[in-house]
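Protein chains get the first letters and strands the later ones, always in sequence-line order, with residue 1 at the start of each. Note that the structure is a prediction, hence the values are computed from the model and not measured.
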Number of protein chains: 2
Amino acid sequence: MPRKPAEQAGKAGREARTTIRDVATRAGVSVATVSRVLAGNYPTAPATRTKVLRAVKDLDYVVNVHARALAGVSQKTVAILTREVITPFYAHIIQGVEQQAAQEGRLCLVCTTGADPDRELAYVKMMREQGADAVITVGGVQETPEYRKQLAHYAQALDSAGSRLVLCGRPGLGPDVPALVVHYDNEGGAYSATSHVLSAGHERVMFLGGAPGFTTSDPRVRGYERAMADRGLKPLLYLGAFGIHFGYATIKRLLQQGPLPCTGIVASDDGCAAGAVKALREAGLRVPDDVSIVGYDDVPMAAHMWPPLTTVHIPAEELGRTAVRMALQAQRGMPERETILGTHVVVRDSVARRVA
Amino acid sequence: MPRKPAEQAGKAGREARTTIRDVATRAGVSVATVSRVLAGNYPTAPATRTKVLRAVKDLDYVVNVHARALAGVSQKTVAILTREVITPFYAHIIQGVEQQAAQEGRLCLVCTTGADPDRELAYVKMMREQGADAVITVGGVQETPEYRKQLAHYAQALDSAGSRLVLCGRPGLGPDVPALVVHYDNEGGAYSATSHVLSAGHERVMFLGGAPGFTTSDPRVRGYERAMADRGLKPLLYLGAFGIHFGYATIKRLLQQGPLPCTGIVASDDGCAAGAVKALREAGLRVPDDVSIVGYDDVPMAAHMWPPLTTVHIPAEELGRTAVRMALQAQRGMPERETILGTHVVVRDSVARRVA
DNA sequence: TCTCCCCCAGTAACCGTTTACAGAAACTGG
DNA sequence: CCAGTTTCTGTAAACGGTTACTGGGGGAGA
C-alpha cells in the first residue's frame, strides 16, 4: 500500500479536512446525493435535502475547490499583471478588472511585475498552470525581440487552452499573435494636448518626461511632435522618466542654467507636471501666467492641485472592464480583436493665452 | 462505465489538455519519474532528466495546479478583501500585501466589497473554499452584531483549517476570536494633528468629514475630541462622509451661511481636506493665512497640492506587508496576536500660527 | 566470481469531487 | 393487483497529479 492510512494522529498533525464523505455518512446518504443537493441542479427529495443540509451545517463543511475543479467544474479566475498598484492609472485599471470579473463570477488575481519583462513572463506561465481564463497584462515594459517571441508563444498556448491573453493599455504584438488588445489613443491625446497649448498662442513648447522605449511614452512623444510639425514648429524634448521627481528635478536644473527655453510644457504625465509646477513656483514663476502646462492621465488630484491641471483623460477603469469583457466574449466565440478607447483633454486652469 | 472515454472528438470539443501521462509516454518513462524530475527534489539520472525535459518542452506541458493541490502540494494564496482599490490608502495596502505575498511565494487575490458586510462575508466564505492561507480584510464596514458573529465564526473555521483571518486597519473582534489584527494608531494620529493646530494658537478648530459608525472614522473623532478637551475647548463636529466632495460641499455651504465658525480644520482625510481648501479658495480665503488645515492619510498628492498639506501619515503599505507576514508567522506557530503601527503628522505648509 | 548495497525507476493508492449509468422505490393508469 | 413510468439514490470511474514502497541493475568489496 503506497500511502500510510493517515493514522498518525499526532498532536502536530492537523486533523483532516471534513470531506463530502463525512457529510454523506452523517446524513446517511451517498456522496453523490450530497454533491447533487449542494449543486442544486438535480431533483432531490425534500427530506433528503434537509438531512444533507443539516449535516453540512453541523460539520461546517466546505467544498474543496481543487477537487471540484479536477472533476470538471472550476472556479474561474482572471489575472491582471501590472507594474505596480499604487499609481492611480494602474489602480483604476485593477479596479475595472476586478469589478467586471466579479460581475462575471470570476475571482481576480493581481500580480505586480515591477516592469520586469522576465517576471511578467514568469507570471503568464504561472497563470497558464492556474487555468486563469483571462490574463491581462497592463502597461509598458521594455520589449526585446525575445520577450515578444515568448509572449506570442504564451498567447498561443493560452488560446488553445481556452484562455486569452489581453494586452491592456499597450499596443498589439502583430496580427499573427492571438492576443487581444485594449488600448487608448495615446498619440491622439498628446496631439490634442499639444494643440491645446499651441492654439493658446504658444510657440516654444517643450515635451517633458517619459521613458524612451516604453510603449506608453513613445506615442505621446510622437503626438507632440506631430502637432508641432503641423504648425512648422521645432520640437523641444526633455525625456528621461515619468513621475514627480523627474519633472521637478529637470525644471529646477533648467531654471538654474538660465531662463526657461519655452512658455508651454506638455508633460508625459500628471506627476511630472506636478513636479514641474512645484519647481516653477519655487523659482517665482506663475502657472499659467508665466508658463502654461498640460499633464497626462487625469489623475484624481489633478483637479485639486493649484492651479487645477489641464490634462488628458484616460478611461482607465473602462480599460480594465473592457479587457475582461473582451476576453470572456472571445471565449464565447466573439472575435473582437482590438478596441481603442478614446482620450480627451479636460480643460482646467493651467494653460493661459500667451501674451506677446 | 460512468464516464464516456472522451472520444467525441467533435470539432467543437476542445482537445484534452496534455497531461503528465503524455509526457511520460513520449519520454519513455513512468509518470512518477516525470513528476520527480519536475519537482527536482529527488535523485534522477541525468539522461532521464534530459529526456523528460525534452518531452515537456516538445509537448508544451504545464502542470495542473488543481490536481497537484489535490495530491498534497498546493500553490498557496493570500486574499485581500477591500472596499475598493483606487483610493490611495487601499491601493498602498494592496501593494504591500501583494509584494509580501509574492516574496513568500504566494499569489494574491483581490476582492472588492464596496463596504458591504454581506459581500465581505461571502468572500470570506469563498476564500475558505479556495484554501487561501491568509484572508485579509481591510478598512471599516458598518459592524452589526450579526456581522461580528459571522466573522468570528469564519475566523474560527479558517484557523482550524490552518489559515488566518487578518483584520487590517481596523480594530479587533475581541480576545476569544482567533483573528489577527494589524492596526495603526488612528486616535493618536488625530490627537497629534489636532494638537499641532492647537499649538499654533488656534482655539476654534473644527473636525470635518468622516462617516459615523465606521471604524476608521470614530477613533479620529475621539482623538480630536480628546485633544480639544485637554485644552478645555469645545469640539465642533461636521461629520458626514469621507472624500473630496463632502469637504468641498460642506465648507461651501458653511461659507454661504456666514463666516466660517473656526480658524482651523482637522479633516477626516486628505481628500476631504483638499475639497475644503478648494471651497476656501473659491471664497477668497487663503490657506494657511486665513484658515489652517490638516489632513489625514498622507496621500501622495498631499505633498504637491497648494499649499503642501500638513497631514497624518499612515504606513499603509507596511500595514499590508505586516498583515501577510503575521498570518504566515502564525501558521508557523508564532502567536503574535496584534500589532499597532505608529502614525505621525508630517508638517508641511497648511498650518500657520494664528495671528490674534 | 559472488554478495551486498546503492541508486533510480516503476507501480499503484490516494487526494475530494462530479456525474454517467443502473437500480430501487413510489406512483400511475388500466 | 400488475405493468409501466417517473423520481430519486447509489455505485464507481475519472479528473491529473504525488509519493510510499518495491524491484531491478550495476558497481564495489571480498
- Query: Are A/Y42 and C/dA20 close enough that a side-chain N or O sits under 4.0 Å from OP1 or OP2?
  - Reply: no
- From the list D/dC15, C/dC8, D/dG17, which nucleotide is the closest neighbour of the side chain of B/P43? C/dC8
- Message: For B/C108 versus B/I80, what's the shortest heavy-atom pair and its separation?
- Response: SG-CG2, 4.1 Å
- Spacing of A/L70 atom CG relative to D/dA14 atom C1', expressed in whole Å: 9 Å
- Task: Hey, which sits more toward the 5' end of DNA chain D by its nearest nucleotide, A/A32 or B/V31?
- Result: A/A32
- Message: Quick check for you: to the nearest 0.5 Å, what is the distance between A/T82 atom OG1 and A/Y123 atom OH?
- Response: 11.5 Å
- Measure the distance from CG on B/N41 to C1' on C/dA9 and round it to the nearest whole Å. 15 Å
- Item | Nearest listed nucleotide, side chain of A/R36, among C/dC21, C/dA9, D/dG16 | C/dC21
- Output yes when a side-chain donor or acceptor of A/R128 lies under 3.5 Å from a complementary backbone atom of B/V62, and no otherwise. no
- Item | Spacing of B/L38 atom CG relative to D/dT18 atom P, expressed in whole Å | 7 Å
- Message: What is the separation between atom CZ on A/R21 and atom P on C/dG16, rounded to the nearest whole Å?
- Response: 8 Å
- Message: So B/V29, base contact, sugar-phosphate only, or nothing? Heavy-atom distance under 4.0 Å.
- Response: sugar-phosphate
- Task: Give a yes/no on whether any side-chain N or O of A/T33 is located under 4.0 angstrom from OP1 or OP2 of D/dT9.
- Result: no
- Hey, is the side chain of A/T19 poking within less than 4.0 Å of OP1 or OP2 on C/dG16, counting only N and O atoms? no
- Side-chain N,O (B/S30) to OP1/OP2 (C/dG10) below 4.0 Å: yes
- Check whether any side-chain heavy atom of A/R321 lies under 4.5 Å from a side-chain heavy atom of A/Q103, and answer yes or no. yes
- Given C/dT18, C/dG10, D/dC8, the nucleotide with the shortest approach to the side chain of A/S35: C/dT18
- Minimum side-chain heavy-atom gap A/Y147-A/E120 below 4.5 Å: yes
- Just checking A/V65: base, sugar-phosphate only, or nothing, at a heavy-atom cut-off of under 4.0 Å? nothing
- Note on the structure: A/I20 CD1 to D/dA12 P, in whole Å, measures 17 Å
- Message: Classify B/V23 by what it touches in the nucleic acid, base, sugar-phosphate, or nothing, heavy-atom distance under 4.0 Å.
- Response: nothing
- Message: Checking contacts here: which listed nucleotide (C/dC15, D/dC15, C/dT17) is nearest the side-chain heavy atoms of B/A71?
- Response: C/dC15
- Measure the distance from CD on B/Q75 to P on D/dT18 and round it to the nearest whole Å. 13 Å
- Query: Between A/A39 and B/A47, who's closer to the 5' end of DNA chain C by nearest nucleotide?
  - Reply: B/A47
- Message: From C-beta outward on B/A45, which listed nucleotide comes closest to its side chain: C/dC8, D/dC15, D/dT18?
- Response: C/dC8
- Task: Starting at atom CZ of B/R68, determine the distance to atom C1' of C/dG16, rounded to an integer number of angstrom.
- Result: 18 Å
- Looking at B/R54 and B/D58, does any basic side-chain N land under 4.0 Å from a carboxylate oxygen? yes
- A/T44 side-chain N/O to D/dC8 phosphate OP1/OP2 under 4.0 Å: no
- How many Å lie between CZ on A/R128 and P on D/dG16, as a whole number? 15 Å
